[in-house]
Amino acid sequence: MANPLYDTLFARHQGSERPFLHLAGGETLSYDAFLRQAARIANVFAEMGLEPGQRVAVQVAKSPEALAVCAACAQAGLVFLPLNTAYTQSEISYFLEDSGASLFICGPGGEAKALRVETLDATGGGSLMARAADLPETAPVAGRGEDDLAAFLYTSGTTGRSKGAMLSQRNLLSNAATLTEHWRFAAEDRLLHALPIFHTHGLFVATNVTLTAGGAMIFLPKFDLDAMIGLMPQATTMMGVPTFYTRLLDDPRFTADLTAHMRLFISGSAPLLAETHVQFEARTGHRILERYGMTETGMNTSNPYDGERRAGTVGFPLPGIEARVCDAEGRELPQGEIGQIEVRGPNVFQGYWNMPEKTKEELRPNGFFLTGDLGRVDADSYLHIVGRSKDLIISGGYNIYPKEIELLLDAQPGVKESAVIGLPHADFGEQVVGVVVPDGDAAPDAETLLSAIAPDLARFKQPRRIEILAELPRNSMGKVQKNVLRDRFS
């Protein structure tokens with residue numbers, strides 16, 4: 001029976017001895033060996049009586065076996081639900097209950113979180129692989145359609161209860177095909193992969209693009225600076241979050257010679273500072289390609305492969321995807337005006353699991369998804385992200401966009417990076433507060449910073465105070481957690 005996801009990404013590689021995963025220890029796993037491993041896991045699912053459409057929740061360390069679980073779910077027609085390894089027991093309990101997961105695969109020590117559990121550790125040990133060891137290396141492929149669900153991804157829940165975004169086979173396949181073509185991935189590519197695989201970036205972008213192209217991944221358990229530099233000569237491409245690039249730039253071993261053979265560097269999941277763009281190009285001669293995506297949509301826009309990759313922007317809508325900047329009523333705004341970004345295309349998710357009202361709020365009847373991101377389109381049609389709508393500061397009735405102030409603070413001597421937040425104020429509703437990370441041992445003087453940026457800001461936009469922190473709180477994908485800053489400084 002047909003199963004577009006499995007057929008497109010996996011089945012065509014059966015029997016192939018081409019390398020798929022190059023591991024940190026020097027071992028190489030071929031496509032065929034990987035798929036035989038996935039089939040054994042699919043047979044475990046069959047032994048357990050799992051049926052297509054049931055959910056399998058997975059909270060395990062990154063490993064080839066963990067990736068094989070994803071392939072096995074596709075083969076068995078199960079809905080793959082990857083969970084951040086940092087989630088606590090109470091968070092996991094919510095996800096398991098909300099999703100109605102039929103099986104929980106976890107690391108050692110997580111067994112108490114669910115009634116039906118298999119374990120899998122970072123080295124491929126645990127009860128799951130022990131059960132799979134003696135099972136056949138081939139398994140039936142469950143019949144599924146492009147509109148059937150393939151995965152759940154839970155949003156971070158920084159503004160309320162986490163929501164389970166339902167992703168269909170069509171959502172995943174359309175995005176993988178578009179990105180492979182747009183970024184020119186081919187079988188000769190070797191992607192340096194140090195991202196987690198519980199997130200759309202490392203899983204449904206990096207991995208699915210590699211599978212679509214028939215290339216290989218240098219599969220690292222996590223970001224390790226020495227490993228990244230040591231293995232880069234074997235790679236042709238790299239995907240990372242901004243932190244990867246800033247840490248590479250901090251190391252003198254990261255040179256133009258080291259990167260001379262590289263074809264493409266891609267950044268996403270959090271904004272990349274314009275300063276990082278400039279430093280990276282000056283050091284290596286490469287211009288980082290920045291793109292824009294979400295849990296609910298995969299990738300929406302990208303700077304061009306050919307043409308100007310403009311710092312501070314996320315480029316243009318990808319082929320087949322529409323992106324627009326609108327007011328609250330969904331009316332498209334003129335170029336240059338700030339509004340909410342809405343997107344529509346085959347990549348847009350099916351809605352939030354068990355949350356029909358929330359789905360209705362964020363998915364318009366015409367198919368446009370309200371991203372919650374604020375943006376503007378410049379005169380050359382590049383899309384700029386100016387912040388999240390929840391981070392918009394309203395002071396004295398005026399809308400204030402933190403990004404405008406952050407860019408000014410970041411440009412000041414002694415400032416490594418900044419975040420601007422709104423805090424409660426008795427008279428104005430909210431007041432503007434800047435949080436600054438020093439560039440070096442000496443903290444910049446707050447009054448000097450305020451005086452330096454004042455000429456470029458209307459009075460109502462100017463921060464009322466500056467706070468100094470050694471580093472900004474970030475989530476696992478490098479996004480600044482402004483909710484944590486607001487709680488800290490309220």
Review point. Minimum heavy-atom separation for Glu329 to Arg364, with atom names?
Key: C-NH2, 3.9 Å
Practice item. Could you check if a side-chain atom of Phe254 sits within less than 4.5 angstrom of a side-chain atom of Leu225, using non-hydrogen atoms only? Key: no
Review point. Measuring from Thr284:OG1 to Leu249:CG, what's the distance to the nearest 0.5 Å?
Key: 8.0 Å
Check your understanding: Can you check ring pair (Phe, Tyr, Trp, His ring centres under 6.0 Å) on Phe152 and Phe95, steps first, answer last?
Key -> CA-CA 10 Å; Phe152 276 11; Phe95 297 132; over 10 Å; no
Review point. Any donor-acceptor pair under 3.5 Å linking the side chain of Thr119 with the backbone of Pro108?
Key: no
Check your understanding: What residue pairs, at least two apart or across chains, pass ring-ring contact (aromatic ring centres under 6.0 Å, His included) with a residue in residues 199-232?
Key -> His193-Phe219, Phe223-Phe244
Point to revise | Test item: side-chain donor near acceptor, Asp147 and Ser168, under 3.5 Å | key: no
Practice item. Using the ring of Tyr352 (Phe, Tyr or Trp, six-membered ring only), decide whether Lys358 places NZ or CZ under 6.0 Å from its centre and within 45 degrees of its axis. Key: no
Practice item. Among Thr295, Leu149, Leu153, find the one that has a side chain to side chain contact (heavy atoms under 4.5 Å, CB included) with Leu167. Key: Leu153
Review point. From Trp183 CH2 over to Arg291 CZ, what is the distance, rounded to the nearest 0.5 angstrom?
Key: 5.5 Å
**Study point:** Side-chain donor or acceptor of Asn303 paired with backbone N/O of Phe316 under 3.5 Å
**Key:** no
Review point. Between the main-chain N or O of Val205 and the side-chain N or O of Thr200, is there a donor-acceptor pair closer than 3.5 Å?
Key: no
Practice item. Any chance you could lay out the side-chain contact (heavy atoms from CB on, under 4.5 Å) test for Glu65 and Val60, step after step, and finish with the verdict? Key: CA-CA 10 Å; Glu65 292 80 10; Val60 296; over 6 Å; no
Exercise for review: For the pair Asp189 (side chain) and Thr236 (backbone), establish whether a donor and an acceptor sit closer than 3.5 Å, ignoring hydrogens and angles.
Suggested key: no
Review point. Under the salt bridge (charged side-chain N to carboxylate O under 4.0 Å, His left out) test, which residues partner Lys360, sequence neighbours left out?
Key: none
Review point. Quick one: side chain to side chain contact (heavy atoms under 4.5 Å, CB included) partners of Pro221, sequence neighbours excluded?
Key: Ala24
Review point. What's the spacing between Ile288 CD1 and Leu264 CG if we round to 0.5 Å?
Key: 10.0 Å
Check your understanding: Does anything in residues 15-33 pair up under salt bridge (Lys or Arg N to Asp or Glu O under 4.0 Å), and if so which pairs, sequence neighbours excluded?
Key -> Asp32-Arg36
Check your understanding: Under a 4.5 Å cut-off applied to non-hydrogen side-chain atoms, are Leu23 and Pro64 in contact?
Key -> yes
Check your understanding: Can you check whether Gly124's main-chain N or O pairs, donor with acceptor, with Ser63's side chain at less than 3.5 Å?
Key -> no
Check your understanding: Is any NZ, NE, NH1 or NH2 atom of the basic residue among Asp7 and Arg144 found under 4.0 Å from an Asp or Glu carboxylate oxygen of the other?
Key -> no
Check your understanding: Under 3.5 Å, side chain of Thr313 to main-chain N/O of His384, donor-acceptor pair present?
Key -> no
Study note, to complete from the structure: What one should report as the nearest heavy-atom pair of Ala176 and Val209 is O-CG2, 4.2 Å
Practice item. Could you check if a side-chain atom of Cys73 sits within less than 4.5 angstrom of a side-chain atom of Val79, using non-hydrogen atoms only? Key: no
Review point. Hey, does Tyr292 have a side-chain heavy atom less than 4.5 Å from the side chain of Asp373?
Key: yes
Exercise for review: Quick one: closest heavy-atom pair of Leu191 and Ala206, and the distance?
Suggested key: CD2-CB, 3.6 Å
Review point. Are there more than 12 heavy atoms of other residues, nucleotides or ligands under 6.0 Å from atom CZ of Arg488?
Key: no
Study note, to complete from the structure: Tightest non-hydrogen contact, residues Cys70 and Leu203, listed as SG-CD1, 4.2 Å
Point to revise | Heavy atoms from other residues, nucleotides or ligands near CG of Asp134 exceed 12 (cutoff 6.0 Å) | key: no
Practice item. Give, for atom CG of Leu318 and atom OG1 of Thr178, the distance between the pair rounded to the nearest 0.5 Å. Key: 6.5 Å
Revision key, fill the gap. Side chain to side chain contact (heavy atoms under 4.5 Å, CB included) filter on Lys222, not counting sequence neighbours, yields none
Point to revise | Stepwise ring pair (Phe, Tyr, Trp, His ring centres under 6.0 Å) test for Tyr154 and Phe198 | key: CA-CA 10 Å; Tyr154 275 86; Phe198 53 71; over 10 Å; no
Review point. Can you name the nearest heavy-atom pair linking Met299 to Met294, along with the distance?
Key: CE-N, 4.5 Å
Check your understanding: Side chain of Gln75, backbone of Ala139: donor and acceptor closer than 3.5 Å?
Key -> yes
Review point. Should we say atom NZ of Lys479 is surrounded by more than 12 heavy atoms from elsewhere, each under 6.0 Å from it?
Key: no
Review point. Quick one: does Met129's side chain get under 4.5 Å of Ile41's, heavy atoms only?
Key: yes
Review point. Salt bridge between Glu406 and Lys482, side-chain N to carboxylate O under 4.0 Å?
Key: yes
Exercise for review: Determine, stepwise, if the pair Val44 / Leu135 fulfils side-chain contact (heavy atoms from CB on, under 4.5 Å).
Suggested key: CA-CA 8 Å; Val44 173; Leu135 294 179; 3.5 Å; yes
**Study point:** Residue pairs passing the salt bridge (Lys or Arg N to Asp or Glu O under 4.0 Å) test where at least one lies in residues 78-98, sequence neighbours excluded
**Key:** Asp98-Arg161
Review point. Quick one: does NZ or CZ of Arg263 land under 6.0 Å from the six-membered ring centre of Phe185, within 45 degrees of the ring axis?
Key: yes
Check your understanding: At what distance, to the nearest 0.5 angstrom, does CD1 of Ile105 lie from CZ of Phe80?
Key -> 8.0 Å
Study note, to complete from the structure: Between the CD1 atom in Ile338 and the OG atom in Ser389, the distance rounded to the nearest 0.5 Å is 13.0 Å
Review point. Taking the side chain from Arg310 and the backbone from Leu383, do they hold a donor-acceptor pair closer than 3.5 Å?
Key: no
**Study point:** Any donor-acceptor N/O pair, Arg344 side chain to Asn366 backbone, under 3.5 Å
**Key:** yes
Point to revise | CA sep, side-chain torsions, deciding dist, call: Met217, Phe20, side-chain contact (heavy atoms from CB on, under 4.5 Å) | key: CA-CA 6 Å; Met217 295 189 289; Phe20 175 45; 3.9 Å; yes
Exercise for review: Using the side chain to side chain contact (heavy atoms under 4.5 Å, CB included) rule, pick out the option among Asn208, Ile321, Val348 that qualifies with Asn175.
Suggested key: Ile321
Review point. Within the distance-only criterion (no hydrogens, no angle test), does the side chain of His13 pair as donor or acceptor with the backbone N or O of Ser30 below 3.5 angstrom?
Key: no
**Study point:** CD/Glu181: more than 12 non-hydrogen atoms of other groups inside 6.0 Å
**Key:** no
Check your understanding: At their closest point, which heavy atom of Ala68 faces which heavy atom of Gln37, and how far apart are they?
Key -> CB-OE1, 3.6 Å
Check your understanding: Would Arg474 and Glu417 pass as an ion pair if we require N to O under 4.0 Å?
Key -> yes
Check your understanding: So Ile229 and Met232, side-chain contact (heavy atoms from CB on, under 4.5 Å) or not? Walk me through it.
Key -> CA-CA 5 Å; Ile229 289 174; Met232 194 162 291; 5.9 Å; no
